[in-house]
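Encoded as structure tokens, the structure appears first; notes follow it.
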Amino acid sequence: MSSTETQIRQATPPSSPHDSDTALFLRAAWGQDTERAPLWLMRQAGRYLPEYLAIKAKSSFWEMVRTPELAAEVSLQPLRRFPLDAAIIFSDIMTPLPALGIEIAFNPGPVVANPIRTKAQIEALRRPEAEEIAPFLAKAIGLTRAELSARNIPVIGFGGAPLTLATYLIQGSGSKEYEDFRAFLRLEPAATHALLGKLTELSIDYLKLQIEAGARAIQLFDSWAGLHDWATYREFALPYNRAIFQALAGLGVPRIYLAVGASHLYPVIAELPCEVVSVDWRLPLNHIRSHFPNRTLQGNLDPSVLLASPEVITHEAHQVLQAGLGGAHIFNLGHGVIRTTPLEHVAHLAEVVRAFDRRS
Ligand code: 1CP
């Protein structure tokens, strides 16, 4: 981004209900070509951390999510170990769905008790009041924020994109290619749109409650967007994602969009009103910039690099950092931290990213 464009964006920040955005992560998210790339990792709170496993041994996943003290503790754990520039609140993309009347278990991924396959099931979904969706999450964000505000580290809130939520609800659980879901879209387009409409309303309330509780940025996870071709994405994903981002415009939080395995969709994704695009590892960031001029790019180290050696991590992280020059960049993985990632490799990555001066 040119310095003139940076100045224009800096000159017109959206009205922020919070303190001024001085945190490195927020400056980069708003489009500033910062002196150093801020760093956080998707799934930074999770199963590669022994202190997470210790809590998990005593509590179910839902207990952890629904007990604000536990959720805040788990959100803070990676920040105690590593010099990260943002926290992500510990929860799940499926968290708001029980408020619609849908029963969900985790084993370890989400399992839907009664997968949605009929129009009647969709019509029967409740429209919850905003306050009932996830009151525990608002408390967890408040507790996490209280611990981090002295360090000026922001908390990221998040939700699942409607099409990705529908993928689990209709398929019923994780799958490799989600064939049942992709067939359902074709067989029952009207019912699918009705479901996506309800998920969009729910997601807007859910994300707004996180912003009201103090989340300083919002990430929309569209983990399964890459399954689809252009026309399907344009019909079943784009309008709903756009509606969510539009509803969050002007609330003073940068909006981050993540789609995985979806570089074929970038020309369509470019139509979304968001400040940050999170990219997986399949293409270098400098090849992606042209699709998203004036946006911040987030990513995009292959998570499996963290399973290799410190030398490999240094080399590949430098490649990502170099490719991220020429515009705002938030360093992250292309997808979540893998469960078997050695802790010292995460520490090493943090050192490499922090030592890289983007101005020299
Ligand atoms: O067994 C366990 O310990 C539970 C594993 C686990 C964890 C740690 C699940 C079940 N969810 C989470 C937390 C989680 N989920 C976070 C926490 C914050 C952080 O990143 O540190 C976040 C952001 C999510 C988001 C999420 N959940 C996504 C989007 C990100 C992605 O990986 O693409 C998805 C697809 C889910 C569904 C889900 N929940 C849990 C699992 C194992 C999965 C994936 C299942 C699958 O692969 O289909």
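Each ligand, and each atom within it, is numbered from 1 in the order the structure gives.
Residue, atom and distance of the protein heavy atom nearest to atom 48 (O) of ligand 1 are Tyr168 OH, 2.6 Å. Closest to atom 5 (C) of ligand 1 among all protein heavy atoms lies Arg47 NE, 3.8 Å. Looking at atom 10 (C) of ligand 1, its nearest protein heavy atom turns out to be Pro108 O, 3.2 Å. Regarding atom 30 (C) of ligand 1, its nearest protein heavy-atom neighbour is Phe221 CD2, 3.4 Å. Of the protein's heavy atoms, Ala45 N, 2.8 Å lies nearest to atom 21 (O) of ligand 1.
Ligand 1 lies less than 4.0 angstrom from a heavy atom belonging to Tyr178. Every heavy atom of Gly336 sits 4.0 Å or more from the atoms of ligand 1. Using a non-hydrogen distance threshold of 4.0 Å, His335 registers as a contact of ligand 1. Ligand 1 lies nowhere less than 4.0 angstrom from a heavy atom belonging to Ser173.
Using a cutoff of 4.0 Å between basic side-chain nitrogens and carboxylate oxygens, Arg289 and Asp33 are not scored as salt-bridged. Taking the charged nitrogens against the carboxylate oxygens, Asp205 and Arg127 do have a contact shorter than 4.0 Å, which makes a salt bridge.
Checking side-chain atoms of Asn300 against main-chain N and O of Asp280 turns up a donor-acceptor pair under 3.5 Å. For the pair Arg182 (side chain) and His228 (backbone), a donor-acceptor distance under 3.5 Å is absent.
The 12-atom threshold is exceeded at CZ of Arg80, counting heavy atoms of other residues, nucleotides or ligands nearer than 6.0 Å. The number of heavy-atom neighbours closer than 6.0 Å to NZ of Lys139, taken from other residues, nucleotides and ligands shown, is 12 or below. For Glu344, the CD atom sits in a packed shell: over 12 heavy atoms of surrounding residues, nucleotides or ligands are nearer than 6.0 Å.
Note: no N/O pair closer than 3.5 Å links Trp224 and ligand 1 by distance alone. Between Phe90 and ligand 1, not a single N/O pair is under 3.5 Å apart.
Annotation for ligand 1: atoms under 4.0 Å from non-hydrogen atoms of Ile88 are 18 (C), 19 (C), 20 (O), 21 (O), 23 (C). Ligand-side atoms of ligand 1 in range of Lys56: 1 (O), 2 (C), 3 (O), range being under 4.0 angstrom from any heavy atom.
Contacts classified as ring-ring contact (aromatic ring centres under 6.0 Å, His included) and involving residues 334-360 (residues at least two apart or in different chains) are given here: His318-Phe356.
Contact of the Arg117 side chain with the Glu188 side chain is not registered, since no non-hydrogen atoms from C-beta on lie closer than 4.5 Å.
Between Tyr168 and Trp224, the two ring planes are perpendicular [angle over 60°; tilted spans 30° to 60°].
Nearest-residue assignment for atom 4 (C) of ligand 1 (options Tyr48, Tyr52, Phe158, Phe106; heavy-atom criterion): Tyr52. Nearest-residue assignment for atom 41 (C) of ligand 1 (options Ala71, Ala259, Gly109; heavy-atom criterion): Gly109.
Side-chain atoms of Thr95 and Arg66 include no donor-acceptor pair closer than 3.5 Å.
At a 4.0 Å heavy-atom cut-off, ligand 1 does not touch Met94 at all. At a heavy-atom cutoff of 4.0 Å, ligand 1 is contacted by both the backbone and the side chain of Arg43. The part of Ser91 lying near ligand 1 is the backbone, judged by heavy-atom distances below 4.0 Å.
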